[in-house]
Amino acid sequence: MVDRNPYIAHLKAGYLFPEIAKRRREFASSHPGAKIISLGVGNTTEPILPHINSGLTDGARKLGTVEGYSGYQDEGLAELRKKISDVFYRGKFDIDEVFISDGAKCDIGRLQVLFGSGASIAVQDPSYPVYVDGSVLTGAAGGWKGTGYAGITYLPCTSDNNFFPDLEPIAHNSIIYFCSPNNPTGAVSDRGQLSALVKTAINKGCVIIFDAAYSEFIRDSALPKTIYEIDGADTCAIEVNSFSKPAGFTGVRLGWSVVPKAIKYSTGESVNADWSRIAGTIFNGASNIAQAGGLAALDDEGIKEIKALTDFYLGNAKLIRDALVKKGVSCIGGENSPYIWAHFPGRDSWEVFSEILEKCHVVTTPGAGFGPAGQSFIRFSAFGRRADVEEACVRLGEKL
Ligand code: PGU
């Protein structure tokens, strides 16, 4: 018999969101008739808006014509790569620095191949689970010791530091995963904070993998929407982004990564050239239909629809946040992000998760699932139908 990849055995538990889905199923089967509302996984619920949707349907129709047919697109449609550079980065990047993907999560997984099992890793704690679990799978995380993995430097983000970590513990030559607007805390780093992050990366020879999947939820114009608003970031940061949340493409699958040519390894080779090699070897591009939808999403009409859709979810976030604050629960997030991070001091977060499910029939995500510093927090997702969110808020008000 073949041996199991030993790193799989290092994973601590099942992936967080299937575990929550399992607990929801168990609750549903023991409470038949309960109308369960999910504010758990961040999964979009609203239909794709008409202009962007017509981009998708036109893209599909074109594939049925001789003139419009296209096959493999390698690193993505040149037109879309250019459009992304123009819309998000003021044309700062050449198209061969913008790589179209089938989503941010998939690219984060593939990016981990770039740096291999010897990489030192630093993550915000709490963080989106893929940074840690993906590092476990490549072997970079090392074994489990007590409350975390031996090869990972956890950077606690708590109310004491306003949810921006102390950067001092970051080791030289590390890969730093950083997410802003943050999942799960909903905190958004300001210009000064991101400047400190970039300065640390440059001084310590680190590469930042900056996850900007929620950048379109930023409403405060003083807050940076991309790491490349910070001088020097193009020498040390890869940015990952996605159409999933802003355009409702969670099921369509489309994202991108920016890998600037200025980033070099310690030995001087180009990270961009290696990424191109890896992407070409283990990825065959995003769907042409999704890319046609992406192009529609980035013209004037599409950008208006992105604004309308993200406004809608931010409206949900406000309702949830207000309902919790009214109950005296202290929370952050929900203003420039679709997540609300609610504090239940001294409580175990899985216990609070169960209590909210039992009393309110509302599914949430326990903070501990995002890392040790998530203990005693609950993440509420603003992705939901409006009537469900309103109903959930009434139940939280009456029963929590
Ligand atoms: N990056 C961040 C920070 C995310 O929160 C998510 C989705 C992604 C990337 C995934 O983007 P795609 O482009 O769709 O691949 N987070 C959701 C969904 C759960 C999951 O497992 O991805 C969440 O609830 O945290």
Side-chain angles (χ1 to χ4, degrees), residues 11 13-22 24 38-45 48 76 84 99-112 123-134 137 157 177-189 208-218 225-227 238-258 283 286-287 290-291 293-294 297 306 310 313 316-317 320 333-334 336-341 353 363-371 374 377-384:
L11 287 169
Y15 187 55
L16 176 63
F17 295 105
E19 174 63 27
I20 289 167
K22 184 176 135 236
R24 177 193 171 136
S38 177
L39 303 179
V41 62
N43 199 1
T44 48
T45 53
I48 293 173
I84 287 172
F99 296 81
I100 307 301
S101 72
D102 53 350
K105 187 193 210 173
C106 325
D107 249 7
I108 292 161
R110 287 185 290 262
L111 276 165
Q112 289 169 330
V123 294
Q124 287 160 294
D125 173 22
S127 69
Y128 180 45
V130 182
Y131 316 143
V132 169
D133 286 1
L137 290 172
C157 298
Y177 288 95
F178 205 93
C179 179
S180 178
N182 189 263
N183 175 15
T185 67
V188 187
S189 302
I208 302 163
I209 297 183
F210 189 80
D211 188 337
Y214 300 102
S215 59
E216 288 310 297
F217 290 84
I218 294 178
K225 288 175 96 173
T226 154
I227 190 76
I238 292 172
E239 182 164 297
V240 178
N241 209 323
S242 172
F243 289 85
S244 282
K245 309 296 162 80
F249 276 22
T250 42
V252 174
R253 311 302 308 147
L254 188 70
W256 71 92
S257 293
V258 178
F283 181 53
S287 145
Q291 293 189 73
I306 285 178
T310 47
Y313 290 123
N316 284 349
I320 298 165
N336 294 285
S337 95
Y339 296 119
I340 295 107
W341 190 235
F353 164 87
V363 178
T364 57
T365 308
F370 297 99
F377 283 87
I378 289 286
R379 188 192 79 172
F380 289 83
S381 155
F383 296 102

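Every number for a ligand or one of its atoms is a count from 1 in the order of the listing.
Residues satisfying the side chain to side chain donor-acceptor pair (under 3.5 Å) criterion with Thr310, sequence neighbours excluded, are Arg219. Under the side chain to side chain donor-acceptor pair (under 3.5 Å) criterion, Tyr131 pairs with Asp211, sequence neighbours left out.
At least one cation-pi condition fails for Lys245 and Tyr214: the charged atom is not both under 6.0 angstrom from the six-membered ring centre and inside a 45 degree cone around its axis.
Every protein residue with a heavy atom nearer than 4.0 Å to ligand 1 is included here: Tyr15, Phe17, Val41, Gly42, Gly103, Ala104, Lys105, Tyr128, Tyr131, Cys179, Asn183, Asp211, Ala213, Tyr214, Ser242, Ser244, Lys245, Arg253, Tyr339, Arg379.
Applying the salt bridge (Lys or Arg N to Asp or Glu O under 4.0 Å) test to every pair with at least one member in residues 103-112, sequence neighbours left out, gives these pairs: Asp102-Arg110, Asp107-Arg110.
The aromatic ring centroids of Phe370 and Phe377 lie 6.0 Å or more from each other.
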Intermediate values then yes/no, side chain to side chain donor-acceptor pair (under 3.5 Å), Thr250 and Thr44: CA-CA 7 Å; Thr250 42; Thr44 48; 2.5 Å; yes

